[in-house]
Amino acid sequence: MQIEFEGKTLTLPVIKGSEGEVGIDISQLRAKTGAITLDPGFGNTGACQSAITFIDGERGILRYRGYPIDQLAAESTFLEVAWLLIKGELPTESQLEHFSDTVTHHTMVHQDFTRLFEAFPKDAHPMPVCAAAVGALATFYQEPETEQSIQEAVIRLIAKMPTIAAYSYKHSIGQPFMYPKNALEYSSNFLNMMFANPCEEYVVNPVLARAVDLLLILHADHEQNCSTSTVRVVGSSRANLFASIAAGISALWGPLHGGANQQVIEMLDRIEQEGGDVQKFVDRAKDKKDNSRLMGFGHRVYKNYDPRAAILRESCTQVLNTLGVSSRQLEIAMKLEKIALEDEYFISHKLYPNVDFYSGIIYRALGVPVNMFTVMFTLGRLPGWIAQWIEMRNDPDTRIARPRQIYTGATERSYAPIEQRSSS
Ligand code: ACO
C-alpha cells in the first residue's frame with residue numbers, strides 16, 4: 001500500500017492474518033517521514049502478530065488456537081484449555097495427566113508466604129491482595145530466567161493462583177486458610193479452599209465445580225484486551241512472569257474491564273428494589289440525557305451475541321436448578337434480555353448481552369461474594385496471560401513497548417526565580 005505525506009510517497013507492506021485480517025505495517029513510518037500515528041485506546045493499532053486467540057466480533061466468533069469456544073466449553077476442562085493456550089495444541093492423554101498431576105502437587109504456598117496476608121487490613125479488597133501476592137511469588141522463586149525456570153513459573157502460577165485467591169477471601173472474612181486437597185480436581189479444590197472450614201465436612205457439588213470450570217474456560221483468553229496488553233508491555237522490558245502477571249491483575253481490577261459483572265448484579269438488584277419495572281431501565285439506557293447504560297450489554301469487539309454469554313445463559317439455569325433456588329435476578333435478566341433484543345435502539349446499535357451479563361448471577365448463586373467476582377476472572381484469564389507472555393518473549397520482532405506522543409505542552413521558556421512568579 002502507498003501513502004503520500006508532505007510530498008513523499010511511502011510504500012507500506014500489508015500483512016494478512018490466517019483468517020484474512022489485514023494490517024498495514026507502519027514500522028518504517030517515522031524513520032521515512034518523521035510522522036507518527038495517533039490512536040488513543042489503540043482501536044486501530046495491532047501491537048503484535050499472535051496465533052493464540054481469534055475473535056470475529058461481527059459474527060460472534062471466539063476460538064482458542066482454532067477451536068470454537070462452544071466446543072471447548074462442552075468437551076474440555078480448564079486445565080486442558082490452559083495447556084492448549086500455552087502449548088498451542090490439545091494435550092495427549094499422558095501429557096494432560098502429567099500436567100494435572102504437576103499442577104496438583106504445586107498448589108501449596110510456602111508457609112512464610114501465608115504471613116503476607118496478615119499484613120493486609122481485614123476489609124482489604126481481594127484483587128490488590130492477589131496482585132501483591134503474585135508479585136511476591138517472585139521473591140520466593142528467584143532463579144535466573146531459563147527455559148526451565150519459566151516452565152516452573154508457569155506451573156507455580158496455575159497451581160497457586162486458586163490458593164492465593166481463596167486465602168485472600170478467607171483473610172477478608174476472618175476464617176482460617178484451608179490447605180489445598182490433592183484428591184480434588186482444579187475447580188473443586190478451589191471451591192473447597194473457599195467454602196470449607198476446619199469445623200465441618202464440606203462436600204463439593206460436581207455440578208457447581210463444573211460451572212466454575214466452565215466460567216474459567218470462557219474467560220481463559222480474549223486476545224489483546226487491556227490486561228493482556230499490560231502483561232505483554234510489562235514483559236517486554238524483560239520483567240519476569242510473576243511481575244508481568246501481577247501488573248495484568250491490576251489492569252483487570254478496573255471497572256471498565258474486569259469489574260463489569262459486579263455492576264450487572266448491582267443493576268439487577270436496583271431493578272428489583274424499584275419494583276421490577278424492566279422497561280423503565282431499558283428506556284433510561286436509551287435516553288441520551290440519562291447517563292445510565294444497560295450493564296452487561298454491548299462490547300467493543302462483539303457486534304453480535306457474545307458467544308460466551310449464550311453458553312453462560314444455559315449454565316445459569318442449570319446451576320440454579322441444582323441448588324434448587326429460584327433467582328429473581330435471573331428472571332429479571334431474562335426479561336431484560338428479551339426486551340432489549342427486540343428494541344430498535346439496541347438492534348441498531350448492535351448491543352447484545354456480553355459475558356458479564358450472566359456470570360455474576362452464577363457467582364452469586366455459588367456463594368461467591370461480589371468483591372471476589374474479578375478474582376474469579378483472574379483465575380480464568382491466567383493461562384491466556386501466560387500464553388501471550390511466552391509468545392511475546394519468543395517473537396523475534398518483540399521490542400520493549402515504548403509508544404510515542406504528540407507533545408502539546410509549553411514550548412521552551414526560561415526558568416523564573418520564585419519572587420517573580422504570580423499564581424494564575
Ligand atoms: N446501554 C445503552 N447504550 C449503550 C450501551 C449500553 N450498555 N453500550 C453502548 N451503548 C451505546 C452508546 O451510548 C453509543 O450510542 P450513540 O452512538 O448513539 O452515542 C453506542 O452504543 C456506542 O457506545 P460506545 O461507548 O462508543 O461503545 P464502546 O465500544 O466504546 O463501549 C462498552 C463498549 C464499554 C462495553 C459499552 O458497550 C458499555 O459501557 N457497556 C456496559 C458495560 C459492560 O457491560 N461492560 C462489560 C464489557 S465485557 C468485558 O469487559 C469482559
Side-chain angles (χ1 to χ4, degrees), residues 39-45 53 55-58 60 62 64 69 127 214-231 248-271 278-313 329 332-333 335-363 370 373-382 384-385:
D39 185 20
F42 311 122
N44 301 282
T45 300
T53 290
I55 302 174
D56 182 334
E58 303 299 329
L62 169 61
Y64 298 158
I69 192 65
M127 273 303 264
L214 180 68
L215 280 155
L216 301 187
I217 291 171
L218 297 181
H219 285 94
D221 196 45
H222 215 232
E223 50 119 306
Q224 308 310 316
N225 56 84
C226 176
S227 56
T228 301
S229 299
T230 301
V231 169
I249 297 174
S250 297
L252 187 67
W253 189 20
L256 292 188
H257 189 10
N261 51 14
Q262 173 170 346
Q263 292 178 17
V264 172
I265 283 291
E266 286 165 3
M267 175 187 73
L268 295 175
D269 282 347
R270 234 177 10 258
I271 296 177
V278 172
Q279 186 65 51
K280 189 172 86 185
F281 275 76
V282 173
D283 292 342
R284 268 174 44 188
K286 291 179 345 185
D287 183 357
K288 293 288 170 208
K289 283 184 244 111
D290 191 318
N291 259 343
S292 63
R293 286 189 166 194
L294 271 197
M295 300 317 288
F297 267 76
H299 197 278
R300 171 62 65 82
V301 176
Y302 293 116
K303 301 302 170 196
N304 202 322
Y305 210 103
D306 180 339
R308 301 167 300 173
I311 297 164
L312 280 187
R313 189 181 199 271
Q329 277 155 357
I332 293 174
K335 236 177 171 179
L336 199 59
E337 181 187 303
K338 188 168 184 308
I339 294 177
L341 289 180
E342 288 166 358
D343 190 289
E344 178 44 34
Y345 173 91
F346 286 84
I347 294 168
S348 62
H349 283 76
K350 298 189 174 162
L351 298 170
Y352 295 87
N354 58 49
V355 68
D356 286 325
F357 192 62
Y358 286 109
S359 61
I361 301 176
I362 304 184
Y363 289 142
V370 170
F373 286 7
T374 337
V375 175
M376 301 298 293
F377 196 155
T378 303
L379 282 180
R381 187 52 53 89
L382 183 62
W385 287 334

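Side chains included, hydrogens not; waters and symmetry mates left out as well; all remaining heavy atoms used. Remember, it's 1-based here, ligands and their atoms both numbered in the order they're listed.
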Considering H222, K288, H219, which one's heavy-atom position lies nearest to atom 13 (O) of ligand 1? K288
Would you say the side chain of H349 lies within less than 4.5 Å of the side chain of F297, judging by non-hydrogen atoms? no
Considering N225, V301, V355, L351, which one's heavy-atom position lies nearest to atom 5 (C) of ligand 1? L351
Does a side-chain heavy-atom distance below 4.5 Å link S359 with F373? no
In the protein, which heavy atom is nearest to atom 51 (C) of ligand 1, and how far is it? D356 OD2, 3.5 Å
Heavy atom of the protein closest to atom 38 (C) of ligand 1 (residue, atom name, distance): R293 NH1, 3.3 Å
Protein contact for atom 26 (O) of ligand 1 (heavy atom, distance under 4.0 Å): no
What protein heavy atom lies closest to atom 3 (N) of ligand 1? Include the residue and the distance to one decimal. Y345 OH, 3.0 Å
For atom 41 (C) of ligand 1, what is the closest protein heavy atom, and at what distance to 0.1 Å? F297 O, 3.4 Å
Of all protein heavy atoms, the one nearest atom 50 (O) of ligand 1 is H257 O, 3.3 Å
Does the protein put a heavy atom less than 4.0 Å from atom 48 (S) of ligand 1? yes
Taking side chain as C-beta onward, heavy atoms only, is E58 less than 4.5 Å from N304? no
So which heavy atom in the protein is nearest atom 44 (O) of ligand 1, and how far is it from that ligand atom? G296 N, 2.7 Å
Y302 meets the ring-ring contact (aromatic ring centres under 6.0 Å, His included) criterion, sequence neighbours left out, with H222, H299
Taking distance alone, with no angle check, do F377 and ligand 1 share an N/O pair under 3.5 Å? no
For ligand 1, which atoms have a heavy atom of M295 less than 4.0 angstrom away? 41 (C), 42 (C), 44 (O)
Cationic N near anionic O, under 4.0 Å, E342 to K338: yes
With sequence neighbours excluded, residues passing side chain to side chain donor-acceptor pair (under 3.5 Å) with D39: N44, T45
Closest non-hydrogen protein atom to atom 45 (N) of ligand 1, residue and atom name please, with distance? A260 CB, 3.5 Å
Counting non-hydrogen protein atoms only, what is the nearest one to atom 2 (C) of ligand 1? Give residue, atom name and distance. A285 O, 3.6 Å
Would F346 count as a polar contact of ligand 1, with the cut-off being nitrogen or oxygen pairs under 3.5 Å? no
When you measure from atom 17 (O) of ligand 1 to each heavy atom in R381, H349, H299, R300, which option holds the nearest one? H349
If you count heavy atoms of other groups shown closer than 6.0 angstrom to OH of Y345, is the number above 12? yes
